[in-house]
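Remarks on the structure that follows.
Naming: A, B, ... by sequence-line order, numbering from 1 per chain.
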Amino acid sequence: MAAGLTSMLALLPVLSLGAEAARGSTGLWSHLAGTVLLSALADTLVLLTGVGLIAGCLGVALAWLVTAHDFPGRRLLEWALLLPLAVPTYIVAYAYLDILHPIGALQGAIRWFLGYSSPRDFRLPDIRSLIGCIFLLSLVLYPYVYLTTRAMFLTQSANLCDAARTLGVPRRHLFRRVALPLARPAIAVGVSLALMEALNDIGASEFLGVRTLTVSIYTTWITRNDLAGATQIALLLLLIVVALVSFERWARRRQGYATAARSRPMEPLRSRGLRGTGLFLLGAVPVCLGFVVPAGYLVLEAFKRWQFAGLSPRLVSEALNTVLYAGGATVLTLVAGVVAAFALRLSAGRLPALLYRLSTIGYAMPGTVVAIGVLLVVAPLDRFIDGTSRQWFGVSTGLWFIGSGAALIYAYAVRFLAITAGSADAGLARVPRSLDDAARTLGYTAGGALRAVHLPLTRASLSAGALLVFVDCVKELPATLLLRPLNFETFATHLYGEAARGTYEEASIAALAIVAVGILPVIVLSRVGRNA
Amino acid sequence: MRQMLLGLTALTTLAAAGQAAADVNIYTTREPGLIQPLIDSFSKSTGVAVNTVFLKDGLAERVATEGESSPADILMAVDAGNLVDLVDKGVTQPIDSTVLKDAVPAQLRDENGHWFGLSYRARVVYAAKDLDINALHYEDLADPKWKGKVCIRSGQHPYNTALIASHIVHNGAEATENWLSGLKANLARKAAGGDRDGARDILGGICDVAVANSYYVGLMRSGAGGEEQVPWGEAIKVILPTFRDGGTQVNISGAAIAKHAPNKDEAVKFLEYLVSDEAQEIYAKANFEYPVKAGIAADPIIASFGELVVDKTPLSEIVKHRKTASELVDKVGFDS
């Protein structure tokens, strides 16, 4: 019942978009097919493959590094590796574009070192390319994989690794033969989250000149004023994502991942001295590139601005809005995610699975498109309430849902349900069915079992999911811009406003605030993850 | 959790109350901070409060779905195409205001009174300071002598589709396709980023000329966009290009009154205030644009570009060719 309601609420905006797409668009596809469709598809696939490979390998390798090895500074790395999460893709793109530009610091230093006086005489290749985009996105998206995979390594691998050792598997083969296959559901969730983030990115692509299908959606809608056509492209994109995810699920359809034993962290291999330092430095590289460099750049820019103009008093109300709305959306999304995943566990058959899959596709859509879908659902409701009130009481209620920002929280939930549902699903997969049966035999209802058995056992996965949602809401820009009430600012909208008027230095303060708000839960979470 | 819900409920009530008491509500795709001084001065002299929400894409969709319940009074947008989209979506209403008609030249407003330009900008060419060039036709940008030397943002950006649509009006679609292919072949890098990147990339030695909007020069050279942009602005000189049989292409920032505006009278008053001498002086200068009203001077940085000969084609005519322009961009693979 609750599950049905959850899927319905999550699905409604997508369905409205489907209805919009069905209104048809004349000549769009023949135009696209004759021009940019192939190259946009190719760019999209190359981008996804590149980010999937790099972010995936980085995330898994780093998760293994900090769980299977112990070296000086490991505790620090464990949470520091999450920090790039706090940096939105559009900020990392902007920062690196500035740092790596021919007139930027790095190339200036190289020219000085080589004795060239002007960038006209010597300069490095431009970062504005598909390859550049893949690297920059991977730098900030690998934590999705790291986070989900590490949770799995921490809680599941220990017993099985021990068992494998007893059976004579050498330690160096543990990763490939035991831990990696076991972590596959978690890796799949992490990689698909990273891929969807990459897919719906528009800011970084704009800076870096990458023309994916997402860019075609905007062109069709904004430049050619064809919303129906744009939603058709968006639905095509969704098909690609659904196909990818289904393929992965199909590939491991016969495997079970439950573990009955009480989980405990595995015993890491200790390294000291030169080897230990080496391991630390290895793990520190992604932290530096994905966080220290862009955040340091922001600190420097923000400092310049602060000296020049001080802090804007707006920042306080923006902080409140940002945290309150992101927090509210996180709670809502978490509850909905647990309900959706638990319902999937309880039910048999294809329909619930299909519903579950469909209700989480908001994550793969560009934020603005989701926001339009939400508008199509919420605005008529608002109009109905207002109209009824006017008719019966002669008083206008205004727009309840849009005017209060409730529509915004709804949009966040639709957009990010995939994260909490995925985390809950991956967490539940590790709880053996026998525990469900045992709880029911002891007289628990399904809901009671969820509270008493499943939730405590999946706490680590759930808090990981909640963290991701919170940080994502803080960073979210396009839906916030479209659905916010009058006079309502968050850090992200402030940042965009400043960027729109071209005052990037002022924007750097807001950008820094986004990163700072994102860091706090990262630290909190790393503790939860360890103690679970 | 319960406290959070309570907090949210309280906030909801507050927000709804704030909205009901509002006097003029502006939905804008233009950053409202730019006109904050004007809003303050208007509120002070009339006692009418002004609320704003700044949106990016989807302004038309939001107003349309909100329908009769929409609190929006004024819709502000940059680029005539966006204003025409609002009219096409049926979310605007015509205004018969002599004040507005007298202040805004006919080619910069809708003939039926649905939208009015409030300031305008020119699509100009930035050239490296030491480059031996002082005049240029837009058509010349496709000349092979510029091979590997031109920077420009995405061809699908409204600033560029409007320029290309203008080229279609002057030279026809077929010639425009050839022109675009030629321009594409001349690009020094991907058609990406913003207009300011053109100046930065000229300083960085990536290109010699860049197509960009006029006001960015003011933003860069004045340091309004940050100290580090001053050298970008200083690295270039500005050429006001013209079409071979016309003038320099311009575009507007403008406004329309929402169809269901709850406070229409105040809203019209605010627009009329925006075209007053006092406001035009500030409004255009806030973003280094040209004022629409005759006799008001542009900022000195902008005036230093020389005399602007505005192309005579009405904006509403250019907008009609936008779709073809956008399709040509895809056809020649301009952005890929």
(message) Parallel, tilted or perpendicular: which one describes the rings of Tyr116(A) and Phe122(A), with boundaries at 30° and 60°?
(response) parallel
(request) Measure the acute angle between the ring planes of Phe54(B) and Tyr496(A), then classify it against the limits of 30° and 60° as parallel, tilted or perpendicular. (result) parallel
Within 6.0 Å of [atom1] in [X], more than 12 heavy atoms from elsewhere:
X	atom1	result
Glu68(B)	CD	no
Lys259(B)	NZ	no
Lys331(B)	NZ	no
Lys89(B)	NZ	yes

Side chain, backbone, both or neither: which part of [X] has a non-hydrogen atom closer than 4.5 Å to chain A?
X	value
Ser326(B)	both
Arg189(B)	side chain
Ala325(B)	neither
Ile26(B)	backbone
Ile202(B)	both
Ala128(B)	side chain

(request) With sequence neighbours excluded, tell me which residues meet salt bridge (Lys or Arg N to Asp or Glu O under 4.0 Å) with Asp197(B). (result)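 By the salt bridge (Lys or Arg N to Asp or Glu O under 4.0 Å) rule, Asp197(B) matches Arg200(B).
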(request) Output all residues satisfying salt bridge (Lys or Arg N to Asp or Glu O under 4.0 Å) with Asp226(A), sequence neighbours left out; order by chain, then residue number. (result)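 Applying salt bridge (Lys or Arg N to Asp or Glu O under 4.0 Å) to Asp226(A) gives none.
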Contact part of [X] toward chain B, heavy-atom cut-off under 4.5 Å: side chain, backbone, both or neither?
X	result
Phe401(A)	neither
Thr368(A)	side chain
Leu482(A)	both
Ile385(A)	neither
Leu208(A)	backbone
Asn487(A)	both
Arg123(A)	side chain

Max heavy-atom pair count under 4.5 Å with chain A, selected residue of [options]:
options	value
Arg30(B), Lys190(B), Gln156(B)	Gln156(B)
Val332(B), Val329(B), Ile206(B)	Ile206(B)
Asn82(B), Thr161(B), Leu59(B), Leu203(B)	Leu203(B)
Met220(B), Lys323(B), Arg153(B), Glu61(B)	Glu61(B)

So which of [options] has the biggest tally of heavy-atom pairs under 4.5 Å with chain B?
options	result
Thr220(A), Leu375(A), Thr480(A), Asp382(A)	Leu375(A)
Leu227(A), Val378(A), Thr493(A)	Leu227(A)
Asp43(A), Ile103(A), Ile372(A), Leu32(A)	Ile103(A)
Asp98(A), Val210(A), Leu376(A)	Asp98(A)

(request) List the atom of Gly209(A), the atom of Ala192(B), and the distance in Å for their closest heavy-atom pair. (result)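 Residues Gly209(A) and Ala192(B), closest heavy atoms: CA-CB, 3.2 Å.
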Do [X] and [Y] pair up side chain to side chain, a donor and an acceptor below 3.5 Å, judged on atom types alone?
X	Y	value
Asp57(B)	Tyr218(A)	no
Tyr325(A)	Glu476(A)	no
Asp386(A)	Ser396(A)	yes

(request) Using side chain to side chain contact (heavy atoms under 4.5 Å, CB included) as the criterion, point out the one residue from Leu219(B), Asn287(B), Asn251(B), Asp195(B) that pairs with Asn213(B). (result)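 It is Asp195(B); the other options fail the test.
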